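First the structure, in the form of structure tokens, and then the observations on it.
Letters A, B, ... are given to chains in the order of the sequence lines, protein chains preceding strands, and every chain is numbered from 1. Quantities reported herein were computed from a predicted structural model and do not represent experimental measurements.
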Amino acid sequence: MDGKLKADLFCSLLMARHIMTGSQIKRIMEEEDIPSVEAFYEEHKRFMDEEHISAEQKENWEKFTSSDAYLRIDEYVEYVSAREIRSINRLDPVYPEYMQCLPNMPLILYYRGDLSLLEKKRPRVCIVGTRRPSVYGRRVTRDFSKKISMHGVAVVSGMARGVDSCAHEECLSCGGKTIAVMPCGLDRIYPKENRELYERIAREGLLLSELLPGTEPIRQYFPARNRILAAISDAVVITEAGKLSGTLHTASFAAAQGREVFAVPSTIYSETAEGNLALLKDGATVATEPEDVLAFLAHVVFFREMEEIRDQCYQKQLKEKIESSPETITSSEIRKIIMDMLAVSGVSTDEMVKESGLPYRMLVCELGKMELEGIIAKDGNKYVLTIRV
Amino acid sequence: MGQAVTRNAKVKTLYLQGLEGNIAEVEASIFPGLPSFEVVGLGDSSIREAKERVRASIRSCGFTFPNQRLLVNISPAYLHKSGSSFDLAIAMAILLASGQVTTQAMNIVIYGELSLVGQVRPVPGSISRLLCLETIDDTVLCIVPSKDMDEAGLLGCDVYGVDTLQEAISIISGDKGEAEIRHVVSDEPGQLLDPLPDPQTDISALRGQPDAERAIVLAASGFHNMLLVGSPGTGKSLSAKILQGILPPLSREEKIELLRVESALSVLSKEDIASGARPFRYVHHTCTPTAMVGGGRNASPGEISRALHGILFLDELPEFTPHVLDLLRVPIESGEMVISRNNCTNVFPARFMLVAAMNPCRCGKCMESPSECTCTPSMIASYQGKVSGALLDRMDISCTLNHISEESLLETMKGDFELQSMSWRRRIEEIWERQYERCDEAGIARCRNGEMREKNLGEIFRLGQKQMEYAAMAAHQLQLSVRGLQRVVRLARTVADLDEKKDVECEHIVEAISFRLPQWGSNRGG
């Protein structure tokens with residue numbers, strides 16, 4: 001019996017039955033100094049009083065304690081784990097950091113497949129659109145999904161009919177990785193005709209949902225699902241969206257969460273793409289080719305790497321290291337030093353040697369590699385950054 | 001005497017054609033008839049004038065000039081010959097023919113210019129002549145102007161040096177008694193070259209410019225062509241001088257090859273012959289095509305040949321006529337310059353290290369402080385465009401020099417630093433030796449990395465599959481031409497040699513790439 005899964009399922013049940021909200025659970029855990037969800041489950045009875053929950057919630061709790069869901073929870077856990085469904089919660093180290101810092105992110109996520117697709121360093125692009133795309137819309141979706149996935153970028157979508165399914169299918173057929181965020185429990189398949197696609201993504205990609213297994217798809221869950229779509233993506237591409245499409249929700253979530261929104265333009269007379277044009281009018285970025293999106297991602301990935309390096313080491317420690325034992329400096333540390341020096345303006349090799357105190361050879365080798373990767377370029381006698389914020 | 005018989009005599013002499021020494025026979029014939037003196041055998045005016053010098057010399061030495069019909073033939077008669085070196089041979093042939101001098105020697109080789117009072121003067125081309133002497137199998141009695149004894153000493157030739165016609169006569173007639181005759185015997189090993197003096201400017205003067213320092217060391221280690229780009233006063237000429245300072249001394253073979261060129265142009269001093277210093281030819285930008293690569297009516301070697309095994313330094317590269325610069329392309333590739341004239345084809349050796357310096361623009365500031373640059377973009381483009389891409393393509397190393405900071409400037413003034421050029425010189429000698437060994441292993445002519453023109457560089461230079469792919473990837477990324485890729489590989493090999501690595505690794509390739517041609521903003525591509 002998977003204790004973690006059980007605890008996670010229990011917390012989800014509390015939320016689904018309106019006994020506690022996610023933030024209440026979190027608050028209790030913080031106040032009572034509870035280290036994990038499992039520990040919370042062990043002691044959950046302690047918190048079901050007036051001090052922690054309202055009268056109404058208490059009533060719900062009492063109803064819940066007498067229900068099958070509570071009494072036969074072990075059977076339920078068996079059912080879920082038999083379907084290869086796993087869970088992560090916000091206390092797990094694998095819970096993505098970029099989601100932690102957003103408001104309204106789920107306490108618990110269920111998944112099937114390869115969770116490593118959610119790692120911070122892996123770029124992800126969400127491709128969404130209307131359920132009834134035109135021929136043009138399909139073609140755009142396929143083109144973007146193909147090019148983007150061929151560059152090792154995971155394609156995120158909602159597995160809905162139309163553009164979403166199209167994006168997943170194209171990505172898989174190119175051997176790419178895809179993530180589907182479902183508007184229902186992961187033991188359900190929606191829409192039904194996507195059974196094959198569903199199984200394939202479970203095997204080769206990642207299925208995600210915040211909903212308890214067993215939850216049927218209901219329209220009101222769709223926008224909530226869209227906020228996760230946007231949250232796990234670095235950029236959202238809207239290939240074709242109608243005027244009132246749910247896709248526009250995804251776009252507005254993305255904008256609110258600080259993700260780049262790309263909209264592909266089409267003819268102004270097209271009804272199926274009115275949403276795109278509206279987005280463009282609102283200031284979405286124009287994407288006329290997949291490279292537009294890829295170029296943006298290159299920046300994102302690069303700065304993410306830089307940030308990582310910055311987190312790892314501090315300049316002062318580095319200085320000491322250079323003086324005491326230059327041979328132990330790693331290439332990423334040298335990169336960091338170079339990036340810092342080039343941040344403001346171009347610098348010549350001679351100046352860099354002088355400023356950093358690094359051995360000439362090490363510096364030159366790293367500069368060469370960075371130049372080959374296109375991060376920096378030589379302009380006359382100076383090196384400059386090719387990527388600017 | 002006075003009888004109506006013909007008397008003949010002949011001696012051999014050595015003359016210069018281009019850089020080649022050749023053997024000619026000088027025959028003198030005296031027969032009855034009205035007194036006259038003719039020289040035949042396609043000689044030019046300097047040979048025709050020899051008649052008067054010979055006549056005066058013979059008389060001033062107390063001999064009689066034959067008062068009969070006198071004919072001198074210089075064979076092979078179908079080749080054009082020139083120069084004053086035939087004087088001594090003509091005089092000797094006449095004296096032998098007239099019976100005033102007798103000899104036991106079978107083969108006499110003799111050359112030199114005569115003065116009116118019978119002094120023997122040195123002539124250019126001594127080394128080539130003496131080298132030619134070595135090709136004669138028979139034992140010969142060789143008499144040369146005493147000045148050429150230094151060269152003979154270097155080559156180890158068996159010759160007698162003379163200062164006067166009288167001395168030459170006493171050697172030939174076997175009467176060597178009184179005159180103090182200088183004689184070099186071939187069994188002696190060739191004399192050693194003088195050790196190189198310490199360089200005038202030490203490489204430590206480049207403190208604060210590690211990029212330039214490294215470029216110079218690499219250029220010297222692989223004998224790579226180098227381009228120095230920098231604003232006025234950043235030390236371009238200084239760098240070239242320092243580069244010369246860290247080059248190892250000439251080997252004996254190299255020295256002899258160089259002396260062939262130098263001696264063909266003028267008479268060399270003793271110091272010139274003994275010095276092991278590599279040439280440093282500072283060529284001015286008004287240089288004509290002929291002066292640069294050689295040529296002229298009598299096809300003499302140019303600056304590129306005089307820079308043999310040393311440095312050809314072209315300051316202010318864009319100021320040179322494009323035509324002159326483009327002439328350099330072939331000799332850089334082939335290591336020699338072929339010049340054909342109507343009667344012969346001359347091959348001048350031209351293995352040199354091209355070191356060129358240039359400003360980035362006319363005012364020189366566009367790189368260092370663009371805001372102060374007074375050139376328009378089109379001016380900059382046309383300035384840089386004067387150097388053809390084809391020539392730039394042959395520069396293995398390109399180094400941009402920067403103004404050094406105030407601090408470093410102060411440091412360079414102190415002068416309390418350790419001198420490093422000498423130790424580099426020794427180190428580079430070892431590195432060259434390793435490069436030669438690699439050539440031997442590959443079964444190709446010995447050369448340094450920068451001179452390597454073989455196609456299978458990867459194999460000879462020991463690059464693995466991975467390294468080859470890496471280099472190709474880099475070349476693709478940076479849009480380098482095939483020649484550009486070879487340039488990178490050659491330089492990478494030198495970097496690895498400096499690291500004392502047997503195989504070239506990726507990091508060596510990366511460093512080599514950092515010395516590729518400068519990219520001047522948008523003005524010029526890869």
Side-chain angles (χ1 to χ4, degrees), chain A residues 151-152 291 294-295 298 302 319 322-323 326-335 337-339 341-342 344-388, chain B residues 206-215 217 229-231 234 360-361 365-370 373 380 384 398-405 407-408 411 470-471 473-478 488 492 495 498-499 505-524:
Chain A
H151 280 79
E291 282 75 10
L294 288 168
F302 173 70
K319 279 274 177 204
I322 292 168
E323 275 159 29
E327 65 285 347
T328 58
I329 297 172
T330 63
S331 118
S332 63
E333 282 169 340
I334 299 175
R335 272 182 190 222
I337 298 170
I338 293 171
M339 294 300 296
M341 285 191 288
L342 296 183
V344 184
S345 65
V347 185
S348 71
T349 322
D350 291 349
E351 285 165 329
M352 277 195 248
V353 172
K354 192 165 165 8
E355 208 173 300
S356 68
L358 279 169
Y360 175 81
R361 287 291 304 284
M362 295 180 86
L363 187 74
V364 167
C365 278
E366 206 52 46
L367 284 171
K369 283 182 201 155
M370 289 170 79
E371 197 178 1
L372 284 181
E373 286 166 29
I375 300 169
I376 58 173
K378 209 166 187 183
D379 178 19
N381 58 345
K382 294 185 170 83
Y383 279 102
V384 292
L385 279 183
T386 50
I387 302 172
R388 293 240 179 247
Chain B
L206 283 176
R207 274 196 305 186
Q209 289 169 300
D211 220 8
E213 192 181 329
R214 181 75 178 167
V217 167
V229 185
S231 309
T234 45
C361 65
K365 289 180 182 157
C366 78
M367 214 161 63
E368 203 81 42
S369 40
C373 177
I380 297 175
Q384 292 168 355
S398 159
C399 174
T400 44
L401 290 147
N402 311 301
H403 271 300
I404 50 178
S405 65
E407 250 173 89
S408 317
E411 261 180 57
Y470 189 80
M473 182 277 291
H476 174 75
Q477 201 88 9
L478 302 168
V488 166
V495 178
L498 264 177
D499 263 5
E505 287 156 22
C506 288
E507 66 176 279
H508 302 137
I509 297 171
V510 169
E511 191 179 341
I513 286 166
S514 75
F515 287 108
R516 71 181 195 289
L517 292 174
Q519 324 259 292
W520 282 290
S522 53
N523 289 322
R524 178 188 260 148

With a 4.5 angstrom heavy-atom cut-off, which part of V364(A) approaches chain B: side chain, backbone, both or neither?
both
Only one of T349(A), V347(A), N381(A) clears side chain to side chain contact (heavy atoms under 4.5 Å, CB included) with N402(B); which?
N381(A)
If you look at every heavy atom in K369(A) and V510(B), which pair is closest and at what distance?
N-CG1, 3.6 Å
For chain A, which candidate among R214(B), H508(B), Q477(B), M473(B) shows the most heavy-atom pairs at distances under 4.5 Å?
R214(B)
Let me know if L372(A) has heavy atoms under 4.5 Å from chain B in its side chain, its backbone, both or neither.
both
Interface moiety of E511(B) toward chain A, non-hydrogen atoms closer than 4.5 Å
both
Let me confirm one number: the OG-NZ distance from S514(B) to K378(A), rounded to the nearest 0.5 Å.
6.0 Å
Could you tell me whether a side-chain N or O of D350(A) sits under 3.5 Å from a main-chain N or O of D211(B), the two making a donor and an acceptor?
yes
As an exercise, state the distance from OG of S348(A) to CE of M367(B), rounded to the nearest 0.5 Å.
9.0 Å
At a heavy-atom distance under 4.5 Å, which candidate from A474(B), A212(B), A512(B) has the highest pair count against chain A?
A474(B)
